[in-house]
Novice: 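Quick one: this structure, given as structure tokens, is what I'll be asking you about.
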Amino acid sequence: MIGITPNGAISFISPLYCGSISDKQLFLKSKLMDRLEPNDVVMADKGFLISEELESIGCKLQCPIFLKDKIQFELAEMVSNSQLSNMRVTVERAISRVKQYKYFEGALPYRCLPQVHMVFFIACMLCNFHAPLIQVT
């Protein structure tokens with residue numbers, strides 16, 4: 001799990017986990033909540049069930065709105081989804097910067113596993129030396 005600032009810089013990197021772990025478990029174990037301040041907004045995918053935990057510290061969860069039983073979105077929902085979609089593009093572009101280092105493609109040699117956390121952290125921090133993805137004024 002990584003945190004991205006509005007301009008696309010990587011601001012948080014959780015420890016890596018092998019095996020299966022739910023999004024909620026990873027969020028709680030990462031201690032990201034300890035770094036959030038009241039009124040912060042966390043953007044996540046549908047199914048990221050952490051809204052109660054965020055509300056308990058005065059933060060908000062922003063997820064895409066889905067149609068469910070409706071035929072079409074209301075205007076406010078359409079605008080909200082459009083803005084969220086633009087932010088999601090920034091997140092995806094930041095993640096693709098990490099992937100450019102190609103260290104994590106395919107299987108990692110067993111002897112590299114003790115250092116994989118440090119290598120991932122370094123790859124993420126190197127991405128922050130690129131030009132900002134978004135110029136925030």
Side-chain angles (χ1 to χ4, degrees):
M1 178 181 307
I2 64 174
I4 309 292
T5 64
N7 70 348
I10 298 173
S11 61
F12 177 81
I13 305 159
S14 76
L16 301 176
Y17 289 93
C18 58
S20 64
I21 185 169
S22 72
D23 292 335
K24 183 174 183 174
Q25 289 173 314
L26 179 58
F27 177 76
L28 295 173
K29 282 187 173 193
S30 73
K31 306 232 187 277
L32 175 58
M33 276 182 40
D34 297 346
R35 298 168 190 254
L36 296 174
E37 298 177 358
N39 299 317
D40 278 352
V41 177
V42 174
M43 184 177 63
D45 289 332
K46 177 185 175 190
F48 211 93
L49 308 174
I50 58 170
S51 59
E52 290 178 13
E53 288 77 9
L54 290 172
E55 287 173 9
S56 72
I57 60 169
C59 295
K60 183 180 176 187
L61 178 64
Q62 184 89 38
C63 291
I65 302 166
F66 291 90
L67 281 175
K68 295 180 187 173
D69 299 336
K70 298 183 206 175
I71 295 173
Q72 68 183 34
F73 290 119
E74 294 175 18
L75 182 60
E77 293 171 327
M78 203 171 7
V79 170
S80 174
N81 262 4
S82 177
Q83 292 170 338
L84 189 57
S85 180
N86 290 340
M87 289 183 273
R88 290 175 60 85
V89 168
T90 302
V91 171
E92 292 302 322
R93 288 177 59 205
I95 291 169
S96 71
R97 283 183 168 180
V98 177
K99 291 178 180 179
Q100 81 180 6
Y101 291 101
K102 299 185 186 204
Y103 182 81
F104 303 99
E105 287 182 359
L108 295 173
Y110 183 74
R111 62 181 162 67
C112 296
L113 293 181
Q115 291 83 24
V116 74
H117 295 290
M118 290 183 290
V119 173
F120 186 71
F121 178 84
I122 291 167
C124 289
M125 290 300 101
L126 286 173
C127 294
N128 287 341
F129 288 99
H130 293 229
L133 290 170
I134 303 263
Q135 296 296 329
V136 179
T137 56

Novice: Would you say the side-chain atoms of Ser30 pair up with the backbone N or O of Ser14, donor to acceptor, closer than 3.5 Å?
Specialist: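 A pair under 3.5 Å: no.
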Novice: Check the side chains of Ser22 and Gln25 for a donor-acceptor pair under 3.5 angstrom, ignoring hydrogens and angles.
Specialist: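 Per modelled atom types, Gln25 and Ser22 side chains form a pair under 3.5 Å.
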Novice: For a 4.5 angstrom cut-off between non-hydrogen side-chain atoms, does Phe120 reach Val98?
Specialist: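 In contact.
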Novice: Answer yes when Lys99 and Glu105 have at least one side-chain N-carboxylate O distance shorter than 4.0 Å, and no when they do not.
Specialist: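 Judged by the 4.0 Å cut-off on N to carboxylate O distance, Lys99 and Glu105 do not form a salt bridge.
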Novice: Between Met43 and Val91, is a side chain to side chain contact (heavy atoms under 4.5 Å, CB included) present by the stated rule, with each step listed?
Specialist: CA-CA 10 Å; Met43 184 177 63; Val91 171; 3.3 Å; yes
Novice: So, do His130 and Arg97 sit near enough that their side-chain heavy atoms are less than 4.5 Å apart?
Specialist: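 Side chain of His130 against side chain of Arg97, heavy atoms only: contact under 4.5 Å found.
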Novice: Going from OG on Ser20 to CG on Leu26, what distance comes out if it is rounded to the nearest 0.5 angstrom?
Specialist: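 Answer for the OG-CG pair, Ser20 versus Leu26, is 11.5 Å.
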Novice: For the NZ atom of Lys24 and the CD1 atom of Ile50, what is their distance to the nearest 0.5 Å?
Specialist: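 Going from NZ on Lys24 over to CD1 on Ile50, the span is 9.0 Å.
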Novice: How close do Ile2 and Cys124 get, heavy atom to heavy atom, and via which atoms?
Specialist: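 Looks like CG2-SG, 4.5 Å.
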Novice: Please check if the number of heavy atoms outside Phe121 that lie under 6.0 Å from its CZ is greater than 12.
Specialist: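 No - once you tally the heavy atoms of other residues, nucleotides and ligands closer than 6.0 Å, there are 12 at most.
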Novice: What do you reckon, is CG of Asp34 surrounded by more than 12 foreign heavy atoms closer than 6.0 Å?
Specialist: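 Result for CG/Asp34: enclosed.
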Novice: Taking the side chain as every heavy atom from C-beta outward, state whether Met33 and Leu28 have any pair of such atoms under 4.5 Å apart.
Specialist: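 SC-SC contact between Met33 and Leu28 confirmed.
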Novice: Given Leu54 and Phe27, is the side chain to side chain contact (heavy atoms under 4.5 Å, CB included) satisfied, shown in steps?
Specialist: CA-CA 11 Å; Leu54 290 172; Phe27 177 76; 3.8 Å; yes
Novice: Once you round to the nearest 0.5 Å, how far does CG of Leu32 lie from CZ of Arg35?
Specialist: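 The CG atom of Leu32 sits 8.0 Å away from the CZ atom of Arg35.
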Novice: Can you see which heavy atom on Cys59 is nearest to which on Leu36, and at what distance?
Specialist: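 In this case the closest contact between Cys59 and Leu36 is SG-CB, 3.9 Å.
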Novice: Say you draw a straight line from CG of Leu113 to CG of Leu108; how long is it, rounded to the nearest 0.5 Å?
Specialist: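 Atom-to-atom, Leu113:CG and Leu108:CG are 6.5 Å apart.
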Novice: I want to check something: taking the side chain as every heavy atom from C-beta on, are Met125 and Ile13 in contact at a cut-off of under 4.5 Å?
Specialist: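 Heavy-atom side-chain distance check passes, below 4.5 Å.
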Novice: Could you grab the distance from atom CD1 of Ile95 to atom CD1 of Ile10, nearest 0.5 Å is fine?
Specialist: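 The CD1 atom of Ile10 is 8.0 Å from CD1 of Ile95, to the nearest 0.5 Å.
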Novice: If you measure from CZ on Phe48 to CE on Met1, what distance do you get to the nearest 0.5 Å?
Specialist: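 It comes to 3.5 Å.
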Novice: Below 4.5 Å, heavy atoms only, C-beta onward: do Ile21 and Lys29 meet side chain to side chain?
Specialist: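 In short, these two side chains touch, coming nearer than 4.5 Å.
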